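Please read the structure below before turning to the comments.
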Amino acid sequence: MTPRIKDILLSTDFGSEVMTRGWVRSRRDSKSGFCFLVINDGSCLADLQIIVDESIPGYHESIGGLLTGASVEIRGELVESPAKGQNVEVKATEIHLIGSCPPEYPLQKKRHSFEFLREIAHLRPRSNTFGAISRVRNRLSFAIHEFFQSRGFLYVHTPIVTSSDCEGAGEMFTVTTLDMENPPKDSNGKVDFSHDFFGKRSHLTVSGQLNVETHCLALGNVYTFGPTFRAENSNTSRHLAEFWMIEPEIAFCDLGGDMDLAEEFLRHLLGVLLEDCAADMKFFNDRIDNTVLATLEHIVASNFERLSYTEAIDELLKAKSANFEYPVKWGLDLQSEHERWLTEKVFKKPVILYDYPRDIKAFYMRQNEDEKTVAAMDVLVPKIGEIIGGSQREDRHDVLVARMKELDLNPDDYWWYLDLRRYGSVPHAGFGLGFERLIQFATGMQNIRDVIPFPRVPNNASF
RNA sequence: UCCCCUAUAGCUCAAUUGGUAGAGCGCCGGACUGUUAAUCCGUAGGUUCGUGGUUCGAGUCCACGUGGGGGAGCCA
């Protein structure tokens, strides 16, 4: 295995021989007989400085080829750095060009706009920001599994392709092998999906929730963590057509337990970042958003604010100075401006709203005693807004069927979901966390397209 | 999908009421230096997003298209 720069920088074994491989970030020549070579290998934000003296073999033949972007292998002696900016550096004894890099390399030794970097998504992981994003994303992914696994949750793989068009969480992408130039038609002239691969119209999943409930009612606490697809024509800095979602489902649990888990989960993940990604987080605080470190530290150290939808409406009605564009009235859904007011202005921390009016929420959410609200909850955070949406599920067969009919849903389409309520139903609850929104919030990155390696949005699935 | 803004050198941007296309950074050449996105001097680099229109004349004004950004809705 190639040694990583992250480890070399921590070493104090001066005088020892080291080898490193990576990509040239910068070269500063001195005509007085040596040059500074700055190497990054992605293992950490920091670069490794190499001192290359012209006395080493092949210096004059190869040094000119070590342009920004070139890949190199360096062997040399680990030494204590006499200058500021780094503790250790490497005095090269051998330099090898692995892959040259011509001068038209798009990633220059300067600051680039995120818009431009998006157009070179195949090269942007070599930039400081996207290297940091990649490491944070990786650490959070692992922390999510650590969190659930250490609490006995089972990881369940719910399907990507689904033939139940009853998930109701948004527009879906159709998956088909039919000849789009000449599709089979039925007697009404409509496309006949009975000839399609799965024998009926199929889609990419918009949520693993309905499927994962089956395993919750068999194995206890479970979670999913996978790609999710929404064909909504959403053009915002907070929406992707393909994103990753974490959906735990907790058995024998009510909405209170659901909120407890959501809060503990978020605080745990952000705490891990502060602990294990300190250098990258400092970079985001220095270069992207100078409030992220203070925000994360505050969240880890304090409880979320919890209030019911009804209390939130009262709070918003008191906010005379807000001049909301949209009306505030019990029974209406809260707008972005309302949610942000609560989380940014009133409480200045994450807020969990619960017990929403039944008419503005999904069919599967459990109806409360008042018959006006359902046991739903949203976690709101500053700048992003909704980061988690969840609920206690309706576990009473007759109530669920009645609610479906009320909404003109055909219970026959949901037969297996209803079976869970016929055979040994139990109270259960869960939520969905948008992974990219979590990364956005944690890093301060303004556009969600810059926290996923290859963003898919309307009119763009490049790379 | 709706509203607003926007597209000029490899990148980031400037160009007055419509009148010969400019800078910084990067590249290349040179100078200098235990340097830190080094610094200094110089060279090269352009079908001003596309199509059409107005005009003696369009980077600039108008229409349509496409890409990008911000906001809204939908939501995670």
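Quick note: numbers below take in every heavy atom, side chains included, and nothing from hydrogens, waters or symmetry partners. Everything numeric here is computed off the predicted structure, so don't read it as measured data. By convention in this document, chain letters (A, B, ...) are assigned in the order of the sequence lines, proteins followed by strands, and residues within each chain are numbered from 1.
- Atom P of nucleotide B:rU66 and atom CD of A:Glu119 are separated by 18 Å, given to the nearest angstrom.
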Reading 5' to 3' through nucleotides 36-49 of chain B, protein heavy-atom contacts under 4.0 Å coded B for base, S for sugar-phosphate only, - for none: BBS-----------
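- Spacing between B:rG71 and B:rG19 at atom C1', rounded to whole Å, works out to 38 Å.
- By the 4.0 Å N-to-carboxylate-O rule, A:Arg137 lies close enough to A:Glu436 to be salt-bridged with it.
- The 5' end of RNA chain B is approached more closely, in terms of each residue's nearest nucleotide, by A:Arg449 than by the other of A:Arg449 and A:Phe243.
- OP1 or OP2 of B:rA76 has not a single side-chain nitrogen or oxygen of A:Thr228 nearer than 4.0 Å.
- At a cut-off of 3.5 Å, with distance as the only test, a side-chain donor of A:Tyr417 or A:Glu213 sits close to an acceptor on the other residue.
- Ranking B:rA76, B:rU1, B:rC27 by closeness to the A:Asn233 side chain, first place goes to B:rU1.
- Inspection of the A:Asn303 and A:Arg267 side chains reveals an N or O donor paired with an N or O acceptor under 3.5 Å.
- A:Lys383 has its NZ atom 13 Å from the P atom of B:rG71, to the nearest Å.
- B:rA38 sits 24 Å from B:rG45 when the C1' atoms are compared, rounded to a whole Å.
- Taking the side chain of A:Gln335 as heavy atoms from C-beta on, and the options B:rA72, B:rA76, B:rG67, the nearest nucleotide is B:rA72.
- A straight line from CG of A:Asn235 to C1' of B:rG68 spans 11 Å, rounded to a whole angstrom.
- Note on A:Ser234: a base of the nucleic acid sits closer than 4.0 angstrom, heavy atoms only.
- The existence of a salt bridge linking A:Asp378 and A:Lys361 is confirmed by a sub-4.0 Å separation between a basic side-chain nitrogen and an acidic carboxylate oxygen.
- Taking a 6.0 Å sphere around NZ of A:Lys349, one finds it holds more than 12 heavy atoms contributed by other residues, nucleotides or ligands.
- Distance from the side chain of A:Phe34 is smallest to B:rG34 among B:rG68, B:rG71, B:rG34.
- Looking at heavy-atom distances under 4.0 Å, A:Pro106 makes no contact with the nucleic acid at all.
- If you measure from atom CD1 of A:Ile39 to atom C1' of B:rU35, you get 15 Å, rounded to the nearest angstrom.
- The aromatic rings of A:Trp330 and A:Tyr309 stand perpendicular to each other, their planes meeting at an angle above 60°, with 30° marking the opposite boundary.
- Across the protein-nucleic acid pair, A:Arg340 atom CZ and B:rC75 atom P stand 18 Å apart, rounded to whole Å.
- Here A:Glu242 lies out of heavy-atom contact (under 4.0 Å) with every strand.
- Using atom C1' as the reference point in both B:rC49 and B:rU43, the two lie 29 Å apart (nearest Å).
- Within 6.0 Å of CH2 on A:Trp341 lie more than 12 heavy atoms contributed by other residues, nucleotides or ligands.
- Minimum atom distance to the side chain of A:Tyr326 is reached by B:rA72, of the listed B:rA72, B:rG34, B:rC74.
- Contacts between residues 254-266 of chain A and RNA chain B, defined by a heavy-atom separation under 4.0 Å, are absent.
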Watson-Crick and G-U pairing of RNA chain B, under 3.5 Å, as dot-bracket with | and [ ]: (((((((..((((.....[..))))..((((.......))))......(((((..]....))))))))))))....
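- B:rA72 atom P lies 16 Å from atom CD of A:Glu232, rounded to whole Å.
- Side chains of A:Asn368 and A:Thr373: a donor-acceptor N/O pair is present below 3.5 angstrom, by distance only.
- Taking the P atom of each, B:rG57 and B:rG52 are spaced 16 Å apart, rounded to whole Å.
- Between B:rC64 and B:rC74, the distance separating the two P atoms is 29 Å to the nearest Å.
- The heavy-atom pair separating A:Gly331 from A:Ile360 by the smallest distance is O-CG2, 3.6 Å.
- For A:Gln108 and B:rG10, a side-chain-to-base donor-acceptor distance below 3.5 Å is present, hydrogens and geometry of angles not being considered.
- Within 6.0 Å of atom OH in A:Tyr155, more than 12 heavy atoms from other residues, nucleotides or ligands are found, so the atom counts as buried in its surroundings.
- Proximity of the aromatic rings of A:Phe225 and A:Phe148 is defined here by a centroid distance below 6.0 angstrom, and this criterion is not met.
- Look at A:Arg437 and you won't find any side-chain N or O under 4.0 angstrom from OP1 or OP2 of B:rC75.
- In this structure, the CD atom of A:Glu325 is 12 Å from the C1' atom of B:rC2, given to the nearest Å.
- Mapped onto RNA chain B by nearest heavy atom, A:Phe36 and A:Glu104 fall at different nucleotides, with A:Glu104 at the one closer to the 5' end.
- Residue A:Glu305 qualifies as enclosed at atom CD: its count of foreign heavy atoms under 6.0 Å is above 12.
- Here the separation of B:rG24 from B:rU39, taken at their C1' atoms, is 15 Å to the nearest Å.
- Here B:rA76 is the nucleotide among B:rA76, B:rG34, B:rC74 with the atom lying nearest to any side-chain atom of A:Ile448.
- Residue A:Phe116 is in sugar-phosphate contact alone, with no base atom involved, counting any heavy-atom pair closer than 4.0 Å across all strands shown.
- Taking every heavy atom of both residues into account, A:Phe116 and A:Pro106 meet most closely at CE2-O, 3.9 Å.
- When heavy atoms are screened at a 4.0 angstrom cut-off, A:Leu240 is found touching base atoms of the nucleic acid.
- B:rG26 sits 13 Å from B:rU36 when the P atoms are compared, rounded to a whole Å.
- A:Leu67 comes within contact range of the sugar-phosphate backbone alone, with a heavy-atom separation under 4.0 Å but no base atom that close.
- Residue A:Thr236 is classed as a base contact, given a heavy-atom separation below 4.0 Å to a base.
- Heavy-atom contacts from other residues, nucleotides or ligands closer than 6.0 Å to CG of A:Asp359 number more than 12.
- When only modelled atom types and interatomic distance are considered, A:Tyr364 and A:Gln209 share a side-chain donor-acceptor pair under 3.5 Å.
- Residue-to-nucleotide contacts include no donor-acceptor pair under 3.5 Å from the side chain of A:Gln446 to the base of B:rG70.
- Nucleotides B:rA72 and B:rC61 are separated by 30 Å at their C1' atoms, to the nearest Å.
- Distance A:Asn459 CG to B:rG65 C1': 12 Å, rounded to the nearest Å.
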